[in-house]
Amino acid sequence: MANKVLVRQEFKVVGTRPIRHDGTDKVTGRALYGGDFSLPGMLYGKVLRSPHAHARILSIDTSAAEALPGVRGVVTAKDLPRPEEGIADVGEGAVNLRFLSDNILASNKALYKGHAVAAVAAVDAHTAEAALALIKVDYQVLPAVVNVREAMKEGAPILHESLRTDAQGQKGTTPTNIASRIQFAKGTLEQGFAQADVVVEREFETATVHQGYIEPHNATGLWSSDGQVTIWCSTQGAFTVRDLVSQILRYPVSKIKVVPMEIGGGFGGKTVVYLEPLAALLSRKTGKPVKLVMTRTEVFEGTGPTPAASMKVKMGATREGKLTAAEASFAFEAGAYPGSAVGAGCMCAFAPYDIEHGKIDGYDVVVNKPKAAAYRAPGATQTGFAVESVVDELAEKLGLDPIAFRMKNSAREGTRRIDGPIFGVIGALDCLEAARASDHWSSRLEGPNRGRGVASGFWFNIGLQSSCTISVNADGTVNLVEGSADIGGTRASIAMQAAEVLCLRAEEVKPTVADTDSIGYTQVTGGSRTTFATGWAAYEAAHDVLRQMKERVAKIWEANPADVTYEEGVFGVKGDPKMQMAFRELAGKLNHTGGPIVGRATVDPKGQGGAFATHIADVEVDPETGKVKVLRYTTVQDAGKAVHPSYVEGQMQGGAVQGIGWALNEEYFMTPGGTMANTSFLDYRMPTTLDLPMIETVIVEVANPGHPFGVRGVGEVPIVPPPAALANAIRRAVGVRMTRLPMSPGAILKEMGTV
Amino acid sequence: MATKHHVVTRVNGEEVEFLCEARHSLLEALRETLGLTGTKEGCLDGNCGACTVTLDGRLMDSCLVLAVEAHGREIQTIEGVASPQGLHPVQQAFLEEAALQCGICTPGFIVSAKALLEREPNPTEERIRWWLAGNLCRCTGYDKIVRAVVDAAARMAEVKG
Ligand code: FES
Ligand code: FES
């Protein structure tokens with residue numbers, strides 16, 4: 001059960017495995033997450049949610065709730081500024097703002113079961129909950145549509161009367177649930193399929209699944225009498241919360257301070273706001289700090305799941321095993337408001353391959369479910385499942401080894417994706433090679449009902465803005481301040497990059513994640529960007545420290561700053577080996593030689609390298625129950641450079657297991673009326689220790705030329721390959737080709753013809 | 001105001017008393033009344049294990065225990081695992097094996113794993129997986145958690161000598 005790192009470039013700190021800086025607080029229970037925060041005199045809020053998937057709200061009467069002893073305030077959509085008000089351009093911007101604001105508190109219509117319609121603040125949570133029952137909402141129930149194919153049909157119930165399909169900039173003329181249609185094309189499709197000797201075409205479906213972070217959403221708000229608003233919450237992006245609350249409440253960003261508490265998982269689901277504006281509103285109404293924490297049911301019913309998808313993929317290849325053409329149509333459920341990740345799904349779908357002729361259509365469709373949010377490589381897992389299943393079937397039809405077939409068609413430097421971009425240095429082929437060379441691939445898998453599957457995946461990763469400051473302490477250590485929520489060890493991976501530049505040990509750089517008043521703008525922890533972009537900001541800030549320290553040395557020694565050197569933690573002067581001063585020594589002198597030194601940097605890097613992964617899965621299918629047991633699992637991934645290999649492995653393992661859960665078990669069971677029937681962890685069953693083997697890892701390092709240490713994002717791509725890797729393994733184990741997720745026991749038995 | 005009950009109990013070795021309503025869970029009493037927020041809340045229905053504590057030595061989901069039931073009992077929470085001398089070997093192993101990412105599940109896992117190792121000093125991987133099946137972690141895929149428990153067993157054996 002190996003964890004391997006195929007190191008290509010060595011550094012002193014980058015690539016080592018120090019204990020994370022925030023670790024002790026997190027193993028002792030001292031770390032404060034959003035739900036752990038409290039203020040004196042604090043009230044507790046609860047949210048009233050629609051019991052209907054689709055209903056017009058005729059009236060809301062809050063008087064009985066307000067009269068309940070202990071209740072301090074109630075808010076409804078009436079307390080939110082009308083998005084149209086005061087906006088000169090009542091166009092797209094206003095519509096989007098309206099959607100944003102309506103998702104916080106429904107105004108004229110509830111669009112999914114669980115849609116927030118009112119919120120109460122009371123002296124304790126039980127009183128607030130009792131008050132919810134006293135709020136009278138008069139609903140006119142409307143027919144609901146909870147499936148993407150149904151929602152696209154003529155005559156389907158319409159969610160938004162004002163919605164018109166945006167087809168590559170062309171607006172439709174009639175009300176619809178299809179918010180947008182996008183298309184990417186390359187080459188001539190007919191020609192590509194004409195060259196093919198074998199063509200496989202299949203339809204696929206995936207169910208709605210949830211990110212499933214263990215920590216429910218929370219927010220505490222304080223609207224001070226001077227107009228300053230402070231929000232403490234668990235979020236992937238404090239600045240994003242500030243921006244969104246500012247837009248929804250039409251309140252200046254300078255008057256809002258967001259304090260990021262520790263965050264108990266997000267996976268994309270905590271890049272948006274739900275409770276934060278409510279906490280602020282309730283605080284304004286009551287004059288007291290107000291805290292809201294969701295229940296698990298609220299998390300399932302009221303926060304972004306990932307889109308269910310309906311997909312069609314057609315691919316052709318020659319007898320020799322060369323892919324010639326690829327065509328796909330992907331329809332994604334956006335939930336109640338437009339904006340699924342179908343675009344990203346389209347762009348990633350065929351990215352692992354070099355295909356000359358291709359066309360991809362994507363549809364973003366609203367349905368009566370909670371508005372979808374990002375979930376780890378958003379969109380890529382759905383489309384990857386479809387494409388990698390078809391790729392596997394082609395290999396099977398051609399009698400080719402599935403890894404050899406993928407290698408023959410692998411994307412490489414210079415390959416143009418169907419959606420346009422041309423790849424720089426990438427590790428697609430390297431991952432396949434490492435998979436082929438792994439112990440797992442060369443091991444034998446024997447026994448009935450067992451099979452091995454393989455699949456690849458791609459995620460492009462993002463860059464975006466990050467800020468960092470580093471101040472030098474008199475004892476030769478430094479304090480580093482940054483703005484990226486630390487969901488999985490990024491304080492360490494960021495500090496390590498500064499340590500590398502400064503020739504310090506990782507422990508000598510003390511990182512802090514600051515609030516929005518205390519650090520420059522920093523984008524969300526998402527898109528696998530944090531170690532890449534905020535790490536880069538730390539790298540630049542460290543260089544800024546060095547530059548200033550060299551100037552100080554020059555001043556002390558009366559030397560030319562350009563001649564000052566810094567090696568192995570010691571400053572020197574070119575041509576005079578006697579002149580030496582250690583970093584620590586200089587640090588101790590700063591205050592008397594010109595004052596303290598603070599390095600700073602902001603970055604907006606564009607050179608994020610795309611990430612590829614290849615997974616191998618061994619399964620055994622119980623022919624009587626249909627249950628799939630994962631016997632062995634290996635993830636191979638290009639990290640560019642693994643800054644802290646343990647946490648890179650952790651991302652690979654955790655992502656793979658989320659993918660395994662998505663593949664085999666997880667699903668929103670929806671009644672036709674639009675009620676989720678399994679809103680607890682008992683019935684929405686995520687993988688437990690018992691469902692899994694150890695997850696083997698092979699880290700490939702194809703340095704990203706767009707980062708000083710070659711770093712690529714690592715967090716997202718590992719969720720992409722598992723569904724297809726498992727489907728391909730199931731195919732070899734028991735001969736059935738599964739085309740719908742989850743591949744639950746019942747679904748497998750049905751496909752095997754047992755039931 | 002609902003009637004309150006007076007509860008006298010021991011938490012992490014110290015005598016503690018508090019008032020609670022009959023409907024309050026032990027989790028709520030620990031977190032809200034006593035300020036012991038190391039015990040986490042993930043589901044409130046006994047399905048995630050984030051709220052794991054021991055009650056008279058037995059592992060419990062504290063969200064499923066009423067606060068009044070703590071009367072006269074002995075509770076251990078994550079806050080009582082480390083000592084002034086330093087971290088418990090299970091905590092040290094979690095750090096060194098990188099067995100946490102977001103860390104919200106970590107207190108529950110540590111309390112569970114410690115209880116296992118106190119009963120069975122040398123469990124197999126299968127036994128560890130069986131024992132920890134009531135604790136959900138969405139971040140790690142459990143691999144490093146299982147390794148950390150194996151590692152902690154070795155550390156504890158060494159301490160015992
Ligand atoms: S909060 Fe108690 S088991 Fe989840
Ligand atoms: S580390 Fe995040 S849930 Fe376990």
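Here the structure is a predicted model, which means the values were calculated and not measured. We name chains A, B, ... by the order of the sequence lines, and we start the count at 1 in each one.
If you take OG1 on B/Thr37 and OH on A/Tyr33, they are separated by 10.5 Å, rounding to the nearest 0.5 Å. The CD1 atom of A/Ile214 sits 10.5 Å away from atom OG1 of B/Thr106, with the distance rounded to the nearest 0.5 Å. Rounding to the nearest 0.5 Å places CZ of B/Arg147 at 4.0 Å from CE of A/Met694.
For B/Arg138 (side chain) and A/Gly264 (main-chain N/O), no donor-acceptor pair under 3.5 Å exists by modelled atom type. The main-chain N or O of B/Gly141 is never found under 3.5 Å from a side-chain atom of A/Gln653 such that the two would form a donor-acceptor pair. The backbone N or O of B/Cys48 sits nowhere less than 3.5 Å from a side-chain atom of A/Arg296 that would complete a donor-acceptor pair. Using modelled atom types, one side-chain atom of B/Arg129 and one backbone atom of A/Thr689 make a donor-acceptor pair closer than 3.5 Å. Judged by distance alone, with hydrogens and angles left aside, the side-chain atoms of A/Arg30 form no donor-acceptor pair with the main-chain N or O of B/Gly38 at under 3.5 Å.
Comment: A/Glu215 does not engage B/Lys40 in a salt bridge, judged by the lack of any side-chain N to carboxylate O separation of less than 4.0 angstrom.
For residues 107-118 of chain B, heavy-atom neighbours of chain A at less than 4.5 Å comprise B/Pro107, B/Ile110, sorted by residue number.
The salt bridge (charged side-chain N to carboxylate O under 4.0 Å, His left out) check on A/Asp691 picks up A/Arg685, with sequence neighbours excluded.
Of the two parts of A/Tyr44, only the side chain, counted from C-beta on, holds a non-hydrogen atom closer than 4.5 Å to a non-hydrogen atom of chain B. Proximity to chain B (any heavy atom under 4.5 Å) is restricted, for A/Ala31, to the backbone atoms N, CA, C and O. When heavy atoms are compared at a cutoff of 4.5 Å, B/Glu41 approaches chain A by way of both its backbone and its side chain. At a 4.5 Å heavy-atom cutoff, A/His644 makes no contact with chain B through either its backbone or its side chain. In this structure, chain B has no heavy atom under 4.5 Å from any part of A/Ile660.
The neighbour count for B/Glu74 CD, taken as heavy atoms of other residues, nucleotides or ligands under 6.0 Å away, is above 12.
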